[in-house]
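The block underneath contains the structure these notes are about, expressed in structure tokens.
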2 protein chains.
Amino acid sequence: MTPTDTARDAPRACFIAAGLEVLGERWALLALREMSLGVHRFDQIARNTGASRDILTSRLRTLESHGVIERVQYSEHPPRHEYHLTISGAEIAPILISLAAWSSTWMRDETPRASYRHSCGADLKPVLTCAECGEEFRLGSLMLGPLVSTADAIPVDKQRQI
Amino acid sequence: MTPTDTARDAPRACFIAAGLEVLGERWALLALREMSLGVHRFDQIARNTGASRDILTSRLRTLESHGVIERVQYSEHPPRHEYHLTISGAEIAPILISLAAWSSTWMRDETPRASYRHSCGADLKPVLTCAECGEEFRLGSLMLGPLVSTADAIPVDKQRQI
DNA sequence: TCAGTCGGTTTGAATTTCCAACTAACTTGT
DNA sequence: ACAAGTTAGTTGGAAATTCAAACCGACTGA
């Protein structure tokens, strides 16, 4: 039994699986993409993602309940809300950027698509390094660590803030 | 009409959306997680992800048809295959790592989960920087660029290799 | 007054996923 | 030799999710 095995029938409970429970539902990342591009209103998010309105409603509620986004009222009568990223939501940027970079390298086909760039003006060429040792992450540099739960506190500078 | 707007009804065709068409289907990233942890066989991938076998079959076929993974025969009679990451598949590492890091910061709850670490031994603390200017990526540093398609060739060192 | 906007909700149909059982071709243990 | 187990699927029917379009209430602007 190597460390990468799991018990006979239990799926691997890890933080990748946990993150996907929130971010991995259909349309969730596209909605977050819109907010990081400065689009905050329901109708525009629905149009720009292509999600149907009922599903989008449900996704936004899930993201809100997990503290990834927040609803900000911008009109009293009638009550109207905008959707904004929280600190937690802003920190999905590396996920979107890695995805955009991978996709623009490997998903080139005949259909023209919007590319992305860094605010410095350059094409997307993100490099992911370990803050500890400075080495670049690559295949095989990701390894399973110990089990953690709430018992291990979230660092103060990372605590949920809405 | 700001650059972040889209035509009245067309969803934004961008590389994030394109990448999610392949990587964003349910179970796809978990299957890729297994392969990057060294698990290459159907039964074990099914058990470790929790995906039902028919859906997993379908996902693996999709990933294969997009060149993200390849089937490697390891037995002639009966024909049996292992699933391995291609170059393209290996390069999803930054996506998985960013997701794992985000999740272990923000998705702490009572259920204990496997954490991840870098091969240097440190906890996951990935930093995403722009290869061009060296600045760290953050919210707002991702901007839309021009439309691109096959016309713009994939760099030779990045061409699909199976 | 009348069309249009905004953020949804409702409805019923279409699609996807789930699960358990089944298969085929082996291999291993007794 | 024979039974049991392993492996990589496939099948079928039920359950869950998603879809698209219509509808709604409270407005706004012409």
Side-chain angles (χ1 to χ4, degrees), chain A residues 1-2 4-11 17 20-32 34-35 38-65 69-84, chain B residues 1-2 4-11 17 20-32 34-35 38-65 69-84:
Chain A
M1 178 115 158
T2 75
T4 63
D5 287 333
T6 321
R8 175 81 57 249
D9 37 304
L20 287 173
E21 273 168 38
V22 175
L23 304 181
E25 291 186 299
R26 202 169 184 187
W27 307 116
L29 280 174
L30 291 184
L32 294 170
E34 288 307 306
M35 293 173 224
V39 174
H40 301 288
R41 301 211 172 162
F42 186 89
D43 271 35
Q44 201 64 49
I45 295 172
R47 266 194 293 276
N48 290 1
T49 57
S52 42
R53 309 169 65 77
D54 54 344
I55 301 300
L56 182 60
T57 302
S58 153
R59 289 297 174 275
L60 294 171
R61 295 294 176 274
T62 300
L63 291 171
E64 191 193 5
S65 76
I69 63 175
E70 55 183 328
R71 269 150 54 97
V72 180
Q73 195 161 38
Y74 71 88
S75 153
E76 192 101 19
H77 290 292
R80 289 276 180 270
H81 302 268
E82 286 184 331
Y83 295 93
H84 284 263
Chain B
M1 177 111 157
T2 74
T4 65
D5 287 333
T6 319
R8 175 83 55 250
D9 38 301
L20 286 173
E21 273 169 40
V22 175
L23 305 181
E25 291 187 299
R26 204 170 183 186
W27 308 115
L29 280 174
L30 292 185
L32 294 170
E34 288 306 308
M35 294 174 223
V39 174
H40 301 288
R41 301 212 173 161
F42 186 88
D43 270 36
Q44 200 63 50
I45 295 173
R47 265 195 293 276
N48 290 0
T49 58
S52 42
R53 310 171 66 79
D54 53 345
I55 302 300
L56 182 61
T57 300
S58 153
R59 288 299 174 274
L60 293 172
R61 295 294 176 275
T62 300
L63 290 171
E64 190 193 6
S65 76
I69 63 176
E70 55 182 327
R71 267 151 56 97
V72 180
Q73 197 162 37
Y74 71 89
S75 152
E76 192 102 20
H77 289 293
R80 289 278 180 267
H81 302 269
E82 287 186 330
Y83 296 92
H84 285 263

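So you know, we letter chains A, B, ... as the sequences are listed, proteins then strands, and number each from 1.
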task = Would you indicate, yes or no, if dA26(D) has its OP1 or OP2 atom less than 4.0 angstrom from a side-chain nitrogen or oxygen of H77(A)?
result =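 False: H77(A) side-chain N/O out of range (4.0 Å or more) of dA26(D) OP1/OP2.
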ask   = Between dA8(D) and R61(B), is there an OP1 or OP2 to side-chain N/O distance shorter than 4.0 Å?
value =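 No.
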Which residues share a side-chain hydrogen bond (donor to acceptor under 3.5 Å, both in side chains) with [X], sequence neighbours left out:
X: S58(B); value: none
X: S52(A); value: D54(A)
X: R26(B); value: none

Starting at atom [atom1] of [X], determine the distance to atom [atom2] of [N], rounded to an integer number of angstrom.
X: H40(A); N: dG7(C); atom1: NE2; atom2: P; answer: 12 Å
X: I69(A); N: dG7(C); atom1: CD1; atom2: P; answer: 13 Å
X: Y83(A); N: dG7(C); atom1: OH; atom2: P; answer: 8 Å
X: D43(A); N: dC23(D); atom1: CG; atom2: C1'; answer: 14 Å
X: E34(B); N: dA8(D); atom1: CD; atom2: C1'; answer: 17 Å
X: R80(B); N: dG5(D); atom1: CZ; atom2: C1'; answer: 13 Å
X: Q44(A); N: dG7(C); atom1: CD; atom2: P; answer: 10 Å
X: R47(A); N: dG8(C); atom1: CZ; atom2: P; answer: 14 Å

Strictly under 3.5 Å: I want the nitrogen or oxygen pairs between protein and nucleotides 2-4 of chain D, one per line.
none

message = Can you identify which nucleotide, out of dA8(D), dT10(D), dG8(C), has its nearest atom closest to the T57(B) side chain?
response =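 Nearest nucleotide to the side chain: dT10(D).
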key: Side chain of Y74(B) (C-beta onward), nearest among dC6(C), dG8(C), dT7(D)   =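 When the side chain of Y74(B) is considered, dT7(D) is the closest of dC6(C), dG8(C), dT7(D).
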key: Pairing residues for L20(A) by the side-chain contact (heavy atoms from CB on, under 4.5 Å) criterion, not counting sequence neighbours   =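 If we apply the side-chain contact (heavy atoms from CB on, under 4.5 Å) test to L20(A), skipping adjacent residues, the hits are I16(A), L29(B), L30(B), L99(B).
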ask   = Looking at residues at least two apart in the chain, or sitting in another chain, which of them share a side-chain contact (heavy atoms from CB on, under 4.5 Å) with E82(A)?
value =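 Here the qualifying residues are H40(A), R41(A), Y74(A), H84(A).
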query = So, for V22(B) and A28(B), which heavy atoms are closest and what is the spacing to 0.1 Å?
reply =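 That would be O-CB, 3.9 Å.
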inquiry  = Using every non-hydrogen atom in the two residues, find where T62(A) and S65(A) come nearest and quote the distance to one decimal.
reply    =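 Answer, listing the atom of T62(A) first, then S65(A): O-OG, 2.9 Å.
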query = Does R53(B) have any salt bridge (Lys or Arg N to Asp or Glu O under 4.0 Å) partners at least two apart in sequence or in another chain, and if so, which?
reply =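 Here the qualifying residues are D43(B).
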Which atom pairs link the protein and nucleotides 17-20 of chain D when you take only N or O atoms and keep those under 3.5 Å?
| unit_1 | atom_1 | unit_2 | atom_2 | d |
| --- | --- | --- | --- | --- |
| dT18(D) | OP1 | R59(A) | NH2 | 2.6 |
| dT18(D) | OP2 | R59(A) | NH2 | 3.0 |
| dC19(D) | OP1 | R26(A) | NH1 | 3.1 |
| dC19(D) | OP2 | W27(A) | NE1 | 3.0 |
| dC19(D) | N4 | D54(A) | OD2 | 3.0 |
| dA20(D) | N6 | D54(A) | OD2 | 2.9 |

message = Going by ring pair (Phe, Tyr, Trp, His ring centres under 6.0 Å), name the residues that satisfy it together with H81(A), two or more places apart in sequence or in a different chain.
response =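 So H81(A) forms no ring pair (Phe, Tyr, Trp, His ring centres under 6.0 Å) with any residue.
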inquiry  = Taking the nucleotide of DNA chain D with the nearest heavy atom to each, does F42(B) or P79(A) sit closer to the 5' end?
reply    =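 By nearest-heavy-atom nucleotide position, the 5'-most residue is F42(B).
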